[in-house]
Number of protein chains: 2
Amino acid sequence: MEERIDKIRQQLHAHSYKLTPQREATLRVLLENEEDHLSAEDVYLLVKEKAPEIGLATVYRTLELMSDLHILQKINFGDGVARYEFRNENAEHHHHHLICVMCGIVDEIHEDLLGEVEQAVSDKFKFHILDHRLSFHGICHRCIDKVDKNELANVRSNIPG
Amino acid sequence: MEERIDKIRQQLHAHSYKLTPQREATLRVLLENEEDHLSAEDVYLLVKEKAPEIGLATVYRTLELMSDLHILQKINFGDGVARYEFRNENAEHHHHHLICVMCGIVDEIHEDLLGEVEQAVSDKFKFHILDHRLSFHGICHRCIDKVDKNELANVRSNIPG
DNA sequence: GTAGATGCAAAACATTTGCATCAGT
DNA sequence: ACTGATGCAAATGTTTTGCATCTAC
């Protein structure tokens with residue numbers, strides 16, 4: 001935790017930005033909830049518990065800055081709010097998501113599934129791929145036993161655009 | 001074109017909705033621009049040329065209704081606006097997109113690229129897949145010759161969340 | 001006539017921006 | 001003091017909603 005904060009501090013200083021208390025508090029919230037794909041509003045509410053004077057705009061500006069510096073990745077699951085997660089600087093592309101239409105939980109897949117697919121797309125369409133986005137919408141292992149056939153039609157409508 | 005309108009009329013009637021002139025005009029705009037992934041605002045401006053009295057809310061309500069009936073698919077490329085395209089009721093899943101970071105054009109891939117990948121994900125994570133979203137961000141064949149190395153760093157920032 | 005559909009304006013929502021103030025060097 | 005960062009409020013942009021009116025059967 002502390003090493004990661006220190007490393008980000010250095011990255012900020014390298015671009016002559018400061019790691020202010022607000023920025024640090026925001027980053028700590030994200031680090032403590034790394035599994036959760038928080039929205040700006042989520043982060044704001046959690047940061048407010050520790051630093052009640054912080055403003056929503058500062059949270060947005062911090063998230064924006066961290067995204068510009070490639071420390072965070074802004075992601076969009078189609079539900080109308082942006083979410084943020086740490087970038088893995090080793091991975092060439094960002095990872096994939098399993099989104100459960102029953103409980104809404106988002107799991108991550110870190111395997112690179114698309115090597116061959118990218119090659120095929122690149123060849124066939126003469127498209128130079130820089131990155132990709134892949135998500136699966138369905139029912140997670142925690143919910144699969146709770147589902148009956150009648151429900152299936154309804155949960156399908158939880159798949160966003 | 002007319003057959004497709006007729007078919008949609010029947011689908012609407014089956015749910016006791018009407019194909020009003022406004023809805024028909026909206027659908028015709030979408031049919032005439034099927035390649036273009038129009039936003040609600042885009043549709044509104046185009047419909048207004050034919051039916052100037054139409055309101056933006058009606059366009060939104062029509063797009064929403066068509067999405068509920070699975071006639072349209074609402075999609076989100078992460079640029080802050082929803083876009084709409086016709087669903088292919090034969091295809092099990094929706095198709096994939098190639099998004100050019102230079103010119104912004106969105107091409108479609110209709111091949112099913114993910115059969116094996118889905119099987120692997122399904123087995124490994126015990127996740128029951130209902131649908132997936134896959135998009136590639138990169139440089140299309142029309143732009144590839146225009147790019148030089150200096151630009152590459154800049155266009156990367158056009159990849160959204 | 002009744003139920004659904006429309007247009008307009010207002011509201012809602014996420015996000016961004018202007019600006020005066022504040023903090024660290 | 002200077003530069004960047006903050007908090008607040010106002011502005012923005014997209015989408016939704018309330019409501020009175022209209023339309024089609």
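Computed from a prediction, not measured in an experiment: that's the story for all the values here.
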Rounded interatomic separation in angstrom, taking [atom1] from [X] and [atom2] from [N]:
{"X": "Glu64(B)", "N": "dT15(D)", "atom1": "CD", "atom2": "P", "answer": "11 Å"}
{"X": "Tyr84(B)", "N": "dT15(D)", "atom1": "OH", "atom2": "P", "answer": "6 Å"}
{"X": "Glu53(B)", "N": "dT23(D)", "atom1": "CD", "atom2": "P", "answer": "11 Å"}
{"X": "His13(A)", "N": "dG4(D)", "atom1": "NE2", "atom2": "P", "answer": "14 Å"}
{"X": "Asp68(A)", "N": "dG4(D)", "atom1": "CG", "atom2": "P", "answer": "16 Å"}
{"X": "Asp79(B)", "N": "dT15(D)", "atom1": "CG", "atom2": "C1'", "answer": "15 Å"}
{"X": "Leu65(A)", "N": "dT6(D)", "atom1": "CG", "atom2": "P", "answer": "9 Å"}
{"X": "Leu38(A)", "N": "dA14(C)", "atom1": "CG", "atom2": "C1'", "answer": "16 Å"}

Please pick, from [options], the nucleotide with the shortest atom-to-atom distance to any side-chain atom of [X].
{"X": "Arg23(B)", "options": "dG7(D), dT6(C), dT16(D)", "answer": "dT6(C)"}
{"X": "Tyr17(B)", "options": "dT15(C), dG18(C), dA5(C)", "answer": "dA5(C)"}
{"X": "Tyr60(B)", "options": "dT16(D), dT6(C), dT6(D)", "answer": "dT16(D)"}
{"X": "Lys18(B)", "options": "dG4(C), dG7(C), dT17(C)", "answer": "dG4(C)"}

### Task
Could you check Pro21(A) against Ser39(B) and say which one's nearest nucleotide on DNA chain D is further toward the 5' end?
Pro21(A)
### Query
Side-chain donor-acceptor pair under 3.5 Å between His132(B) and Glu118(B), yes or no?
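Yes, a side-chain donor-acceptor pair sits under 3.5 Å.
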### Query
Without hydrogens or angle criteria, can the side chains of Gln10(A) and Asp6(A) be said to hold a donor-acceptor pair below 3.5 Å?
no
#### Entry: Lys124(B) and Glu111(A) ion-paired at < 4.0 Å
yes
### Query
Charged N to carboxylate O below 4.0 Å: is that the case for Arg83(A) and Glu41(A)?
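Looking at Arg83(A) and Glu41(A), the cut-off is not met.
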### Query
For the residue pair His97(B) and His95(B), does the interplanar ring angle fall in the parallel (under 30°), tilted (30 to 60°) or perpendicular (over 60°) class?
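Geometry flag for His95(B) against His97(B): perpendicular rings.
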### Summary
Heavy-atom nearest nucleotide on DNA chain C taken for Ala57(B) and for Val81(A); more 5' hit belongs to Ala57(B)
#### Entry: Residue whose nearest DNA chain C nucleotide is more 5′ - Arg61(A) or Leu56(A)
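So the residue in question is Leu56(A).
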On the nucleotide [N], are OP1 or OP2 found under 4.0 Å from the side-chain N or O atoms that [X] carries?
{"X": "Gln22(B)", "N": "dG7(C)", "answer": "yes"}
{"X": "Thr20(A)", "N": "dA5(D)", "answer": "no"}
{"X": "Thr58(B)", "N": "dG7(C)", "answer": "yes"}

### Message
Regarding Glu41(B), tell me which of base, sugar-phosphate or nothing describes its non-hydrogen contacts under 4.0 Å with the strands shown.
### Response
nothing
